[in-house]
Every structure is written in C-alpha cells, then in structure tokens.
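Proteins come first, then strands; the chains are lettered A, B, ... in the order of their sequence lines, and each starts at number 1. Just so it is clear, the structure is predicted and the values come from calculations on it, not from any experiment.
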Protein chains: 2
Amino acid sequence: MRPDPQHSDCRGVASILSRVGDKWSVFVIMMLGDGPKRFNELKRMINGISQRMLTLTLRGLERDGLVTRTIFPTIPPRVDYELTDLGHGLSRPVQALGMWAKEHQREIEAARARFDERNP
Amino acid sequence: MRPDPQHSDCRGVASILSRVGDKWSVFVIMMLGDGPKRFNELKRMINGISQRMLTLTLRGLERDGLVTRTIFPTIPPRVDYELTDLGHGLSRPVQALGMWAKEHQREIEAARARFDERNP
DNA sequence: CCGAATCCTTTACGATACTG
DNA sequence: CAGTATCGTAAAGGATTCGG
C-alpha cells in the first residue's frame, strides 16, 4: 500500500519536515539516539556546528517536544539533553535515512562528478 | 545493533543529508514515488513552490543521480521526471519520515503550543 | 560550562520578465 | 509547456563578546 502522496497534507507536514530536514537537527537527533549528552559533548561530536546554531537547534527540538533539557545546578553548570519518547520515535526513520546516506555516499558522489563533467 | 552515531562520517554524509533535508527535495521525492511526473504537474502538486525552486530542486536531484529528466521533442514540449533506482531506494526512508510526520503532527503542534505558552 | 546578545556576511528565495 | 535571467529582500549562519 502506497502512502498516497497525492493527498498528503503538505501544509502541516511541511513545518515538521523542515525541522527534520534541518541539517543540524538531523545530526543532533542521530547523536542523541545513543543516550543523553551534554552541550559541549554534542558540540564536539558534531564537527563544524557553531555554539549559536547548536543552541538554536536544541531549542527548536525542545519546543517540538523531541528533546528534554535537564539542568544540574552544579559548579560548573551541567546541562543534559535527551530524546523524549516522541524524539526516539522520530530517531528511527532518521537513523534509517542516515544509514542510507552512508551506504550510498559513493554512488552519489560519483553521480555528481559525472553530472559536473557533462555540464561544464 | 545501533548505527554507531559516534563514528559516522559527518563530513561526507552531511552533503547528502542536506539534500534530503532540503524541504523541497523531500516533497519532490515523495511525489515521484508514485511514478513519473511532468514539470507543471509537480508544480501543482507541491503547493507553494515557485517555478525557480522547482527547477533548482530537480537539477539538484538529477545531479545526485536520484532523478532522470526525459525530454519529448513535441510541441508543446514535454519533460518527464522520474526516480532512478537510487532515488527509489532513498524514497523509502523518506516516505517513512513523511508518514511519521503525518502521524505525529498533532503531538508536535501541541508541544509547540505548550512551549510557547511557557516561554512568552 | 552553558548560554544570550550583538554585529555582519552570505545565502536562499520569491517576483517578474523573457525565450524555444 | 518548460524553462532561463536578473533583481531585491529576507533569512540563515559565523564570529565575537559578555554573563550566571
């Protein structure tokens, strides 16, 4: 049974997909699939993300109910981020996507090279 | 078995995920999962996309080897877009993501409302 | 350590007009 | 019908600085 693309509610689903689709969100979700992580831990794991973008991404995920933020009032302060049940549910298709990307990385790079060759 | 998020090659996979992550690409892939479509057919199905963005999106997908472009030299001209085998493979996790988004749309909207309530 | 705030540059995107 | 080209704005994102 096909998921009926013709009549999917583009409008509502778009705002969710654009979150999932967000480059950084995908990585954060993948990293958290493993278990709770601290802020700088995530920052180190996701190479290239700026502090600002990590903050914004985490806020967005928290807003969507996908991630919880736990503050430990210690010195120095410690903040843990963890997937909610909803977030874990999402992480499954996201991980599938990530694995697909990894498996077909070479094919796509080759296709890009061929295309760029044909279109100088 | 977990997909080992710690050691995933962020750098290479990122460029693929950012394509998948692109809002419009996701919709085009979902629409083409059904079978080949013409340019304006896609434009009508994906509400809100501009002609320019549809062109750019299709070029990107073609470059990645996910979509083929077939020109029929008729008058008026006709161009069909169709998923390649690679594209069909990708469409599976993408459809899964889309279905998840549809199923949990309400939950996420509720979470957003709660968050915005708590953070005025 | 975890973040908010500011500034500033780059990019994405829509609107419009034009072609085979 | 299926694009390409150009332009102007809006948004994303990096770098830096400051604070609890």
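Checked for salt-bridge contact, A/Glu109 and A/Arg106 meet the test: a charged N lies under 4.0 Å from a carboxylate O.
Here D/dG13 presents its P atom at 13 Å from CZ of A/Phe27, a figure rounded to the nearest Å. Put simply, CD1 on A/Ile49 is 15 Å from P on D/dA12, counting in whole angstrom units. If you take NZ of B/Lys37 and P of D/dC1, they are 17 Å apart, rounded to a whole angstrom.
Between A/Leu83 and A/Val67, the closest side-chain pair of non-hydrogen atoms falls below 4.5 Å.
At a non-hydrogen distance threshold of 4.0 Å, B/Pro77 from residues 71-81 of chain B come into contact with DNA chain C. Listed in residue order, the members of residues 50-64 of chain A having a heavy atom less than 4.0 Å from DNA chain D are A/Ser50, A/Arg52, A/Met53.
With values rounded to the nearest 0.5 angstrom, A/Met31 atom CE is found 8.5 Å from A/Leu42 atom CG. In this structure, CG on A/Leu90 lies 12.0 Å from CD on B/Glu103, to the nearest 0.5 angstrom. With rounding to the nearest 0.5 angstrom, the NE2 atom of A/His88 is 7.0 Å from the CD atom of A/Glu82. Note that the CG atom of B/Leu32 and the CE atom of B/Met30 stand 11.5 Å from one another [nearest 0.5 Å]. One distance of note links CZ of A/Arg38 with CZ of A/Arg44; it measures 8.5 Å at 0.5 Å rounding.
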Pairs under 3.5 angstrom only: tabulate donor-acceptor contacts from the side chains of residues 48-62 of chain A to other protein residues two or more places apart or in another chain.
from: A/Ser50; atom 1: OG; to: A/Met53; atom 2: N; distance (Å): 3.2
from: A/Thr55; atom 1: OG1; to: A/Gln51; atom 2: O; distance (Å): 3.0
from: A/Thr57; atom 1: OG1; to: A/Met53; atom 2: O; distance (Å): 2.6

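Surrounding CG of A/Asn119 are more than 12 heavy atoms belonging to other residues, nucleotides or ligands, all under 6.0 Å away.
Of all heavy-atom pairs between B/Thr84 and B/Gly65, the closest is OG1-O, 2.7 Å.
Screening residues 97-120 of chain B for ring pair (Phe, Tyr, Trp, His ring centres under 6.0 Å), with sequence neighbours left out, gives B/Trp100-B/His104. Applying the side-chain hydrogen bond (donor to acceptor under 3.5 Å, both in side chains) definition to pairs two or more places apart or across chains, those involving residues 63-79 of chain A are A/Arg19-A/Asp64, A/Arg63-B/Asp116, A/Asp64-B/Arg112, A/Arg69-A/Tyr81, A/Arg78-A/Asp80.
Each end of the helix from C/dC1-D/dG20 to C/dG20-D/dC1 gets its own axis, taken as the rotation carrying the C1' atoms of four end pairs onto the next four within a five-pair window, and the two axes meet at 50° to the nearest 10 degrees.
Linking ILVMFWY side-chain heavy atoms closer than 4.5 Å, directly or via other members, places B/Ile71 and B/Ile75 in two distinct hydrophobic clusters.
In summary, contact between chain B and DNA chain C, defined as any nucleotide atom under 4.0 Å from a heavy atom of the protein, begins and ends at C/dC13 to C/dG20 in the 5' to 3' direction.
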